[in-house]
Every structure is written in C-alpha cells, then in structure tokens.
Number of protein chains: 2
Amino acid sequence: MTTSRIEPEAPSHRQSASAEILGAALEQFATAGFAGTSLQQIADAAGYSKSSVLYHFTSKEALLEAAIGPAVDRLENVLSGLARLRESSEARELFVEEFIDFLLEYRLEVHTFINQGQSLVGIPGIDRANAVLGGLTSSFAAGLTTVEEKLRFGVALGGAAYELVASMNFGDEEFPHEERRSALITIVSELLAPIQNRQTTA
Amino acid sequence: MTTSRIEPEAPSHRQSASAEILGAALEQFATAGFAGTSLQQIADAAGYSKSSVLYHFTSKEALLEAAIGPAVDRLENVLSGLARLRESSEARELFVEEFIDFLLEYRLEVHTFINQGQSLVGIPGIDRANAVLGGLTSSFAAGLTTVEEKLRFGVALGGAAYELVASMNFGDEEFPHEERRSALITIVSELLAPIQNRQTTA
DNA sequence: ACGCTAACTGTCCGATCGGTCAGAACCTGA
DNA sequence: TCAGGTTCTGACCGATCGGACAGTTAGCGT
C-alpha cells in the first residue's frame with residue numbers, strides 16, 4: 001500500500017533532476033516558508049542553476065503545488081474512507097490510525113500547508129488542501145454539539161500534527177518510529193474517546 | 001530620555017503612531033509571515049509611509065522584536081512561576097490555567113513565533129522565545145520517561161496552541177471566550193493527568 | 001516671532017526577487 | 001557523422017525588497 005513518495009523509477013543511485021529539485025524545494029518551504037524561500041536557494045540546495053529549476057517547473061507556485069500535491073491526494077483518500085464508514089466506532093479507530101500514518105509519512109508537506117495554508121490561498125494545491133481539511137472538520141464536527149467536544153477534536157488533530165512538526169524544530173531526541181506511532185494513536189484515540197462514547201450511548 | 005517609546009497615554013480615540021504600526025505589523029507577521037510581509041504592506045495597513053515605519057523602528061527585525069517581545073516577557077513570567085512550584089500537583093493545574101490564558105491573550109504573537117520560530121533564528125526576540133520554550137519542554141519533560149508521556153505533553157501544549165491559532169484560519173465559529181477557556185483547561189489537564197498520577201503515586 | 005526638536009515623507013540606492021530567452025552541452029537514433 | 005530533441009545554464013529584464021538620507025511639516029518652550 002505504501003508506495004514510495006518520490007520517483008518510483010530512477011533505479012540508479014542518482015535521483016532524477018526533477019525529484020532532486022522537488023525534494024530540496026519541499027524542505028525549504030517547510031523550514032523557511034514559501035515566501036521566505038527563493039528559487040536561488042532551492043537551486044543551490046539541489047545543485048542546479050535557477051534556470052534549471054524553472055525549466056522543470058514552470059513557476060515557483062507550480063513547484064509548491066508539485067511538492068505538496070501527493071500529500072493532498074493521500075489525505076483525500078484517507079478522508080473519503082472516513083466518510084464511508086462514519087457511523088461505526090471502530091471506523092474512528094481506523095481513521096485515527098490512518099491519519100497518524102499520513103502525518104508521519106508527509107511531515108514536511110503537512111508542515112508546509114499547516115503553517116502557511118492561510119497565507120497561500122490562490123495556489124490550487126493549497127486551496128485543495130484547505131478544502132479537504134475544511135471538509136474533515138465540518139464532517140467530523142457535524143455531530144459535535146458542545147464547545148468542548150469541538151475543541152477536543154481540534155486539539156487532538158492539531159496537536160498530533162503540531163507535535164510532529166515541532167519535533168524537528170527543537171532538539172527533541174528522535175523517537176523510534178513505531179513507538180512514536182503507537183503512542184500518538186493512543187493519545188489521539190483517548191482524546192476522541194468521550195466523543196465516541198457519547199455517540200454510541202446516546 | 002524624553003518620553004517612552006510606546007505611549008501608554010494618548011487618551012483620545014487615536015492610538016499613537018508606534019502602536020498603530022506595531023499592531024499592523026503583528027497582524028501581517030502572523031497571517032502572512034515575516035518574510036512574506038513587506039515594510040510597504042505594513043505602512044499601508046497602518047496608514048503611514050514606509051519611511052515612517054523605519055523612523056519608529058530601526059529595522060524590520062526590530063519591528064518583529066517589538067511586536068513579540070511583550071508576549072515573550074509574559075511567557076517567561078508564567079514559566080518562572082512554574083519552576084518555583086514544580087513538585088506540587090495543584091501547581092500543574094495552575095500552570096495549565098496560566099498557560100491557556102497566555103495563549104488566549106497573545107494569539108497573534110504565539111502564532112508568529114510558533115510557525116516561524118525556527119526560520120527566524122538570529123533575531124533576539126525569537127531566540128529568547130525559543131530558549132524559553134526549550135526550557136519549558138526540558139524542565140517539564142525532565143520527569144517524563146516514556147515516549148508516550150513526552151508526546152502527551154507535546155500534543156497537549158502544541159494542540160492547545162494550534163487550536164487557537166487555527167481557529168482564526170478556518171471558518172470556525174468564534175466560541176465565547178470563557179467557555180473556550182474552561183474547555184481548553186479541561187482538555188489539557190486531562191491530557192496531562194496520567195503524568196501527574198504517575199508522579200504522585202510512584 | 002523665533003528656533004529647536006520630534007514626526008513624517010519622497011527620493012534614491014544596491015541587492016535580490018521571479019521569470020524570459022537564446023544558446024551551450026549532451027544524448028540519442030539513423 | 002550529423003540532425004533533433006532534451007537538459008541545462010548565463011545573461012538579462014522589470015519589479016520589489018530593506019534601508020539611507022535630506023528635507024518638510026507641526027508643535028512647543030522661550
């Protein structure tokens with residue numbers, strides 16, 4: 001199920017130029033921000049000239065879109081699966097697991113459009129991501145009545161996302177992947193538990 | 001020598017120029033990012049010329065520092081109080097309350113250096129904020145042994161911060177202040193509860 | 001009325017921004 | 001060997017960036 005994120009081809013030790021540039025751009029966008037990253041920086045980081053960057057990607061915006069596009073695709077899949085299985089309680093469990101996996105796999109992309117999603121409206125990929133996230137909150141929050149329940153949902157998902165994002169900012173020791181994954185699932189599930197209890201009992 | 005830099009006076013309906021510029025800058029920094037905000041935009045938003053902005057603040061960096069400085073001061077106070085009362089369990093309760101209040105009061109500032117703290121290293125105010133936050137995590141996480149406990153702490157604080165920050169991004173209905181405050185305190189306290197239980201029982 | 005000073009602005013500067021374009025270098029098949 | 005296409009780059013463009021600076025305006029003590 002988990003296909004490689006970047007080029008499936010490129011059998012040799014050297015990635016394709018597009019993939020190298022894309023990777024460098026994504027890292028810069030996530031750490032320095034879209035506005036704070038120049039094409040020259042991306043080119044330097046990737047080992048190409050600025051002109052080469054613009055040869056492979058028609059514009060800076062197109063580069064951003066290509067960088068976060070796959071993550072948005074994956075998120076859409078996760079959420080469409082959620083919509084189908086909305087009512088069951090174990091569906092929630094499954095969703096939490098898939099969502100955490102999504103966060104773990106697309107850290108940089110999530111970092112990019114979580115921190116700058118609002119300031120980059122107009123770029124198609126960003127708009128799509130915002131729409132998907134908006135759909136998630138509304139579809140999930142539709143059944144939530146009290147303020148605490150809504151906040152609980154926001155803190156759980158936002159907190160999980162932010163934790164992964166912040167963990168690369170600070171000098172946090174890097175936890176083992178599997179341990180971090182299961183711990184996050186536990187925490188988020190626990191945060192969402194009162195919501196599920198209410199819906200299954202009431 | 002003559003007067004304070006940011007006028008506490010100005011009794012009329014019109015704020016002092018420095019305060020107007022500072023407010024406009026903070027809003028732009030929080031929404032568009034530091035790199036994504038030009039002095040011209042700030043000047044336009046505040047109703048002054050770009051030259052005036054640079055008259056009141058020696059540079060763009062100085063403007064950022066002045067904008068988030070008070071928030072960092074306040075955060076330092078909150079955390080120094082935490083250090084003094086570290087061991088007691090009710091001290092944790094108090095800290096959560098103060099921390100949430102801090103987040104509520106300094107939304108824009110928190111938004112600014114949470115999203116861009118890593119990319120703005122070198123600006124003194126930002127470095128101070130990062131140091132303070134680093135001190136918080138290390139002092140708090142010192143007693144935490146398992147990965148889950150550390151993540152629990154990160155999700156709680158990061159989630160609360162992110163929720164407030166994201167609430168102005170999406171079309172979230174604005175909740176009543178007091179209701180939101182108490183709900184957040186409940187949620188964060190609950191997230192941190194297993195940590196306290198372990199420390200008081202073990 | 002005068003001069004001093006704080007507040008404010010227009011103009012200019014070098015650097016850098018995103019982006020265009022003509023051509024160099026390279027790889028292929030014929 | 002050579003033609004054709006892909007990849008890559010340096011030179012260049014207008015716009016905008018943060019900032020410097022001289023000058024204008026307004027307020028105030030004398």
Side-chain angles (χ1 to χ4, degrees), chain A residues 7 9-12 14-26 28-29 31-67 112 116 119-120 122-126, chain B residues 1-12 14-26 28-29 31-67 112 116 119-126:
Chain A
E7 286 295 284
E9 45 190 359
S12 82
R14 181 168 176 86
Q15 289 194 20
S16 78
S18 291
E20 284 182 292
I21 292 172
L22 206 54
L26 177 58
Q28 296 284 333
F29 289 157
T31 56
F34 181 74
T37 300
S38 69
L39 292 175
Q40 189 65 62
Q41 291 174 26
I42 297 171
D44 292 346
Y48 292 89
S49 71
K50 191 181 72 171
S51 302
S52 279
V53 174
L54 285 168
Y55 167 76
H56 288 283
F57 303 92
T58 55
S59 70
K60 195 185 174 188
E61 283 195 5
L63 191 46
L64 172 65
E65 203 176 333
T112 299
Q116 316 172 56
S119 62
L120 299 178
I123 290 135
I126 292 282
Chain B
M1 185 62 133
T2 51
T3 57
S4 62
R5 256 173 297 177
I6 300 178
E7 291 290 280
E9 44 193 0
S12 79
R14 182 169 174 84
Q15 288 192 22
S16 79
S18 290
E20 284 182 293
I21 292 172
L22 206 55
L26 177 58
Q28 296 284 333
F29 288 157
T31 56
F34 180 75
T37 300
S38 70
L39 291 175
Q40 190 64 63
Q41 291 174 25
I42 297 172
D44 292 346
Y48 292 89
S49 71
K50 191 181 71 169
S51 302
S52 278
V53 173
L54 285 169
Y55 167 76
H56 288 283
F57 303 92
T58 55
S59 71
K60 194 186 175 188
E61 283 195 5
L63 190 46
L64 172 64
E65 203 178 332
T112 299
Q116 315 173 55
S119 62
L120 299 178
V121 286
I123 290 134
I126 293 281

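All values reported here derive from a predicted model rather than from experimental measurement. Below, read A as the first sequence line, B as the second, and so on, with proteins coming before strands; counting in each chain starts at 1.
By the side chain to side chain contact (heavy atoms under 4.5 Å, CB included) test, A/Ser119 is found to be paired with A/Gln116, residues two or more places apart in sequence or in another chain being considered. Every residue was checked against the side-chain hydrogen bond (donor to acceptor under 3.5 Å, both in side chains) condition with A/Gln41, not counting sequence neighbours, and none meets it. With sequence neighbours left out, A/Gln40 forms a side-chain hydrogen bond (donor to acceptor under 3.5 Å, both in side chains) with A/Asp44. For A/Leu54, the side chain to side chain contact (heavy atoms under 4.5 Å, CB included) criterion is met by A/Leu39, not counting sequence neighbours. Residues satisfying the side chain to side chain contact (heavy atoms under 4.5 Å, CB included) criterion with B/Thr58, sequence neighbours excluded, are B/Ala62. Taking the side chain to side chain contact (heavy atoms under 4.5 Å, CB included) definition, one finds that B/Tyr55 meets it with nothing, sequence neighbours left out. Residues satisfying the side-chain hydrogen bond (donor to acceptor under 3.5 Å, both in side chains) criterion with B/Thr31, sequence neighbours excluded, are absent altogether.
In the interface, the side chain of A/Lys60 is not paired with the base of C/dG19 through any donor and acceptor atom under 3.5 Å apart.
The side chain of B/His56 places no N or O atom within less than 4.0 Å of a non-bridging phosphate oxygen (OP1 or OP2) of C/dA7. An OP1 or OP2 oxygen of D/dT16 is reached within less than 4.0 angstrom by no side-chain nitrogen or oxygen of B/Ser38. Taking only side-chain nitrogens and oxygens, A/Tyr55 comes nearer than 4.0 Å to OP1 or OP2 of D/dT7.
Counting only Watson-Crick or G-U wobble pairs whose defining distances are both under 3.5 Å, the stems of 3 or more consecutive pairs in DNA chain C are C:1-30 with D:1-30.
Put simply, CD on A/Gln40 is 14 Å from P on C/dG19, counting in whole angstrom units. A/Leu54 has its CG atom 17 Å from the P atom of D/dA11, to the nearest Å. The CG atom of B/Leu63 sits 15 Å away from the P atom of D/dC17 (whole-angstrom rounding). Atom P of nucleotide C/dA6 and atom OH of B/Tyr48 are separated by 17 Å, given to the nearest angstrom. Going from atom CD of A/Gln41 over to atom C1' of C/dG18 covers 13 Å, rounded to whole Å. Rounded to an integer number of Å, the gap from B/Lys50 NZ to D/dG18 C1' is 6 Å. One atom, CD1 of A/Ile42, and another, P of C/dT16, lie 17 Å apart when rounded to the nearest Å. Atom pair A/Phe57:CZ and D/dT7:C1' shows a separation of 14 Å (rounding to whole Å applied).
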Exercise. What string of B, S and - do you get for nucleotides 21-26 of chain C 5' to 3' if you count protein non-hydrogen atoms under 4.0 Å?
Worked result: ------

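Both B/Ser52 and A/Ala35 lie close to DNA chain C; mapped to their nearest nucleotides by heavy-atom distance, the more 5′-ward contact belongs to B/Ser52.
Across all strands, A/Ser18 comes closer than 4.0 Å to no nucleic acid atom at all (heavy-atom distances).
Ring planes of A/Tyr48 and A/His56: perpendicular class, angle over 60° (limits at 30 and 60°).
The main-chain N or O of A/Ser38 is never found under 3.5 Å from a side-chain atom of A/Lys50 such that the two would form a donor-acceptor pair.
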